[in-house]
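Written out below as structure tokens is the structure these notes cover.
Just the heavy atoms: all of them, side chains too, but no hydrogens, waters or symmetry mates, feed the values below. Predicted model, so just to flag it, every value in this text is computed and none were measured. Order of the sequence lines sets the chain letters (A, B, ...), proteins ahead of strands, with each chain counted from 1.
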Amino acid sequence: MDFLEGLNEPQRKAVQHIDGPLMIIAGAGSGKTRVLTYRTAYLIQHGVDPFSILLLTFTNKAAGEMRHRIESVIGSQAKNIWMGTFHSIFAKILRFEGERLGYTSNFSIYDTDDSKSLIRALIKEQNLDDKVYKVNLVLNRISNAKNRLIGPEQYLGSSVLEHEDRLAKIPMMGQLYKSYCARCFQANAMDFDDLLFQTNILFRDHLDVLNKYQHKFKHVMVDEFQDTNVSQYLITKKLAAVNQNICVVGDDAQSIYAFRGADIQNILNFERDYADLTTIKLEENYRSTKAIVAVANSIISRNKSQLKKDVFTSNEEGDQIEIIRASSDNEEGRLIASTIFETRQKEVGFTWADFAILYRTNAQSRSFEESLRRLNIKYRIVGGLSFYQRKEIKDVLAYLRFVVNQNDEEAFKRIINLPKRGIGDTTIAKIAVTAAENQMSIWDVVSNINQFQGNRGSAPIEQFADLIKSFKLMVEIEQKDAYEVASHVAKASGLVRELYEDKTVEGLARYQNMQELLNAIKQFVDSEENEDKSLGTFLQSVSLLTNADTNEDPNDRDKVTLMTVHSAKGLEFKHVFLVGLEEDLFPSQMMLQSQADLEEERRLFYVAITRAEKKLMISYAESRYQFGRLKSCEPSRFLNELDSTYLKMAKVQGKKDTSAFRPVQKTGFVEKSTAGSASAAQLIQKPKQNTNYQHVPSADFKQTAPENLQEGQRVEHQKFGFGLIKKLEINGAERKAHIQFEKGVGEKVLLLSFAKLMVVE
DNA sequence: GGTCGTATATTTTTT
DNA sequence: ATATACGACC
């Protein structure tokens with residue numbers, strides 16, 4: 001048991017706890033993964049069968065890494081552990097057991113785009129106003145209901161929900177939910193939430209199935225427990241009910257997925273559900289310097305709902321945290337890119353991979369990409385449009401999905417006229433009507449089109465049906481593996497040819513992406529880990545990939561990382577740049593509805609800070625492009641909340657950012673104007689006045705020296721308008737003004753080194 | 001049915 | 001800036 005040696009006391013206790021419920025509260029950088037790895041290894045060394053261990057992680061990548069690390073301790077047995085995300089593990093179980101619920105093992109998994117497209121269709125069919133019934137809103141309501149285990153029947157029966165929907169002026173919400181579920185079922189498809197929702201139904205209504213898995217999984221472990229939703233928690237609780245060997249690991253201070261249904265109460269109230277719970281706190285941070293830990297603690301201490309923790313470190317003091325002010329998002333990009341360049345030059349031992357730029361929204365990556373490219377710094381972007389969300393990839397996948405499951409309505413809509421074969425909306429609508437009239441599925445109609453329609457216009461449909469039938473033959477009769485089918489489908493459908501003939505730069509990239517997809521399928525088939533090489537299995541695994549999961553060329557890893565704070569969870573970097581610290585951006589304006597929302601944003605800020613090992617720089621811009629226009633920004637309130645003894649204002653580089661103020665260039669001509677992109681004519685038209693964002697010339701508003709201010713004075717603020725200074729607080733570098741504003745914003749505390757004010761005479 | 005031009009809305013994070 | 005929707009026209 002030599003691996004126990006390097007552990008501290010609470011870590012060792014956690015590893016050696018075998019029987020009974022266990023909760024590990026693991027502060028940032030406290031060696032959580034290590035504990036989880038060793039504990040699993042320890043269990044196996046003490047005779048627990050790896051097949052009976054269920055380890056639920058947050059991403060597939062985390063599962064893969066954990067498996068790798070366990071393997072290095074105990075060898076090949078690690079392969080047998082049930083390890084993966086909630087979604088992938090229970091998709092697998094539903095594949096086996098789904099028949100109990102009326103699904104076949106080939107059910108499709110609808111991604112968010114599919115769900116949205118279905119909802120859009122339903123809104124249209126039911127003649128609802130799509131300005132009122134916004135797709136995102138409807139999907140959110142449905143998703144929330146599913147995550148709280150409220151099915152459509154229950155939804156319709158709930159007077160509370162009915163009241164809510166009436167107030168929100170969407171009284172048909174319940175009906176929409178019901179028809180959405182019906183259509184998904186008809187399509188033999190589950191959306192992301194269904195994978196958990198239906199698992200709950202399965203375990204609720206089929207006790208023999210539940211029993212089987214309860215006895216199968218003797219030990220259930222959940223990583224990132226703070227980010228589980230009610231649905232996930234209930235599944236775990238049920239599975240662990242017999243053996244009571246449930247071990248949850250998490251940090252309430254890092255709960256950042258409430259928008260997806262994660263319920264921080266799961267971890268805060270875990271003790272209530274298990275009377276004989278052992279709780280172990282890992283509070284020593286091995287990752288970051290004292291300065292970083294102190295700043296992080298100063299932030300998180302402001303949150304009310306949290307478990308008591310005392311995170312400390314024995315690491316060195318480290319450098320101060322630098323706050324960088326930039327005049328625009330472009331300057332922010334340049335400042336940070338050049339800092340990265342200089343640091344790498346000056347200091348020993350830094351590689352590109354030691355730097356990370358973290359932002360709140362994916363859209364912020366643009367200015368950094370440009371600046372990094374200009375300095376020839378290699379970078380990679382995690383997230384954004386992932387590979388599997390690209391159009392050309394989704395097209396092929398839609399074909400494959402339809403070959404496996406002909407009820408898949410969304411896949412059908414995507415491919416029926418792709419490549420163009422002269423089947424328009426009218427024809428498709430006719431088919432749908434015919435199907436409904438004869439109580440048949442769409443495929444039944446399509447595959448026997450001659451029975452329903454005269455010769456007129458049916459030829460292309462017949463061709464399409466024959467094509468699909470030939471693909472089906474390959475899968476069902478000839479039992480070809482995923483790669484053989486996919487490469488044939490790509491060619492025979494004409495998708496490859498269409499891309500090949502497109503000689504533009506984008507066309508070439510799309511062609512390469514398609515090849516890349518085929519490579520990925522080949523890898524899947526060739527990999528020894530996958531026993532089942534069928535198309536159906538491949539499709540399921542693909543639809544559950546997260547954007548952190550994309551594999552990289554291991555020889556080419558030395559790159560600066562750009563990603564959102566959300567996707568940085570669980571990672572660490574020597575040098576972190578946390579950018580875009582502006583009010584309404586971080587914390588996000590969209591997010592802030594309640595105190596709880598603010599606390600979640602603060603936890604997000606905490607997560608970002610604690611990714612840094614040695615150095616942390618935080619930046620904000622005074623103006624930023626949004627929808628093509630320049631908008632002025634305020635520094636984030638979070639900057640005021642940082643422990644100022646560890647802060648240092650970095651000097652702004654002198655030059656004003658002129659490029660940001662450059663007027664829109666008029667385009668004289670355009671080679672080819674395509675539908676869907678802004679046309680030349682639109683560019684030539686005078687720019688529309690957008691009253692929301694007007695750039696106020698900063699010359700009028702200045703950072704006012706504290707000496708020139710006094711309590712009771714009236715000031716005008718660049719954004720909040722007129723206000724009265726209630727109180728001035730000047731403690732060394734920390735200079736704050738409490739200002740009561742006259743408009744709706746109320747009282748705000750502004751940091752004087754940031755705020756731009758005009759003194760009103 | 002397909003293509004193009006124009007109006008309009010968009011504002012977060014992700015399995 | 002860019003995605004989408006819709007109407008005019010071929």
Is it true that the side chains of [X] and [Y] contain a donor and an acceptor less than 3.5 Å apart?
X      : Y      : result
A:Y257 : A:E224 : no
A:S367 : A:D329 : no
A:N303 : A:Y606 : no

Determine the contact category for A:Y257: base if any of its heavy atoms lies under 4.0 Å from a base atom, sugar-phosphate if only primed atoms, P, OP1 or OP2 are that close, otherwise nothing.
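Answer is sugar-phosphate: A:Y257 comes under 4.0 Å of backbone atoms only.
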Reckon A:S88 touches a base, only the sugar-phosphate, or nothing at all at heavy-atom distances under 4.0 Å?
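It contacts nothing in the nucleic acid.
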Please answer whether B:dT13 and A:F259 are stacked, defined here as ring centres separated by less than 5.5 Å and planes angled under 30°.
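The base of B:dT13 is stacked with A:F259 (centres under 5.5 Å, planes under 30°).
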Provide, to the nearest angstrom, the distance between the [atom1] atom belonging to [X] and the [atom2] atom belonging to [N].
X      : N      : atom1 : atom2 : answer
A:L139 : B:dT12 : CG    : C1'   : 15 Å
A:N144 : B:dT14 : CG    : C1'   : 14 Å
A:R603 : B:dT12 : CZ    : C1'   : 16 Å
A:L598 : B:dT12 : CG    : C1'   : 15 Å
A:Y625 : C:dT2  : OH    : P     : 13 Å
A:E369 : C:dA1  : CD    : C1'   : 15 Å
A:Q589 : B:dT10 : CD    : C1'   : 13 Å
A:Y133 : B:dA9  : OH    : C1'   : 21 Å

Nearest to the side chain of [X], which nucleotide is it out of [options]?
X      : options                : answer
A:N136 : B:dT14, B:dT12, B:dT11 : B:dT11
A:K134 : B:dT13, B:dT10, B:dT15 : B:dT10
A:F192 : B:dT15, C:dA5, B:dT13  : B:dT15
A:T564 : B:dT11, B:dT12, B:dT13 : B:dT13
A:T85  : B:dT15, B:dG2, B:dT11  : B:dT15
A:T361 : B:dT14, B:dT12, B:dT11 : B:dT12

Any carboxylate oxygen within less than 4.0 angstrom of a Lys/Arg side-chain nitrogen, looking at A:E332 and A:R624?
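Here A:E332 pairs with A:R624 in a salt bridge, since their nearest N and O are under 4.0 Å apart.
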SB check A:E370 A:R373 (cutoff 4.0 Å):
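Between A:R373 and A:E370 there is no salt bridge, as every charged N stays at least 4.0 Å from the carboxylate O atoms.
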Within-4.5 Å side-chain heavy-atom neighbours: A:S115 and A:F192:
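Not touching, per the 4.5 Å side-chain cut-off.
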Please check the phosphate of B:dG2 (OP1 and OP2 only) for any side-chain N or O of A:N417 closer than 4.0 Å.
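So the side chain of A:N417 is within the cut-off, an N or O lying under 4.0 Å from OP1 or OP2 of B:dG2.
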Is the phosphate of B:dT14, meaning OP1 or OP2, less than 4.0 Å from a side-chain N or O of A:N362?
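Checking B:dT14 against A:N362, a side-chain N or O does come within under 4.0 Å of OP1 or OP2.
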Between A:F86 and A:S588, just flag the one whose closest nucleotide in DNA chain B comes earlier from the 5' side.
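The residue closer to the strand's 5' end, by nearest nucleotide, is A:S588.
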Looking at B:dT13, does its base get a donor-acceptor pair with the side chain of A:R360 below 3.5 Å?
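By the distance-only test, yes, there is a pair.
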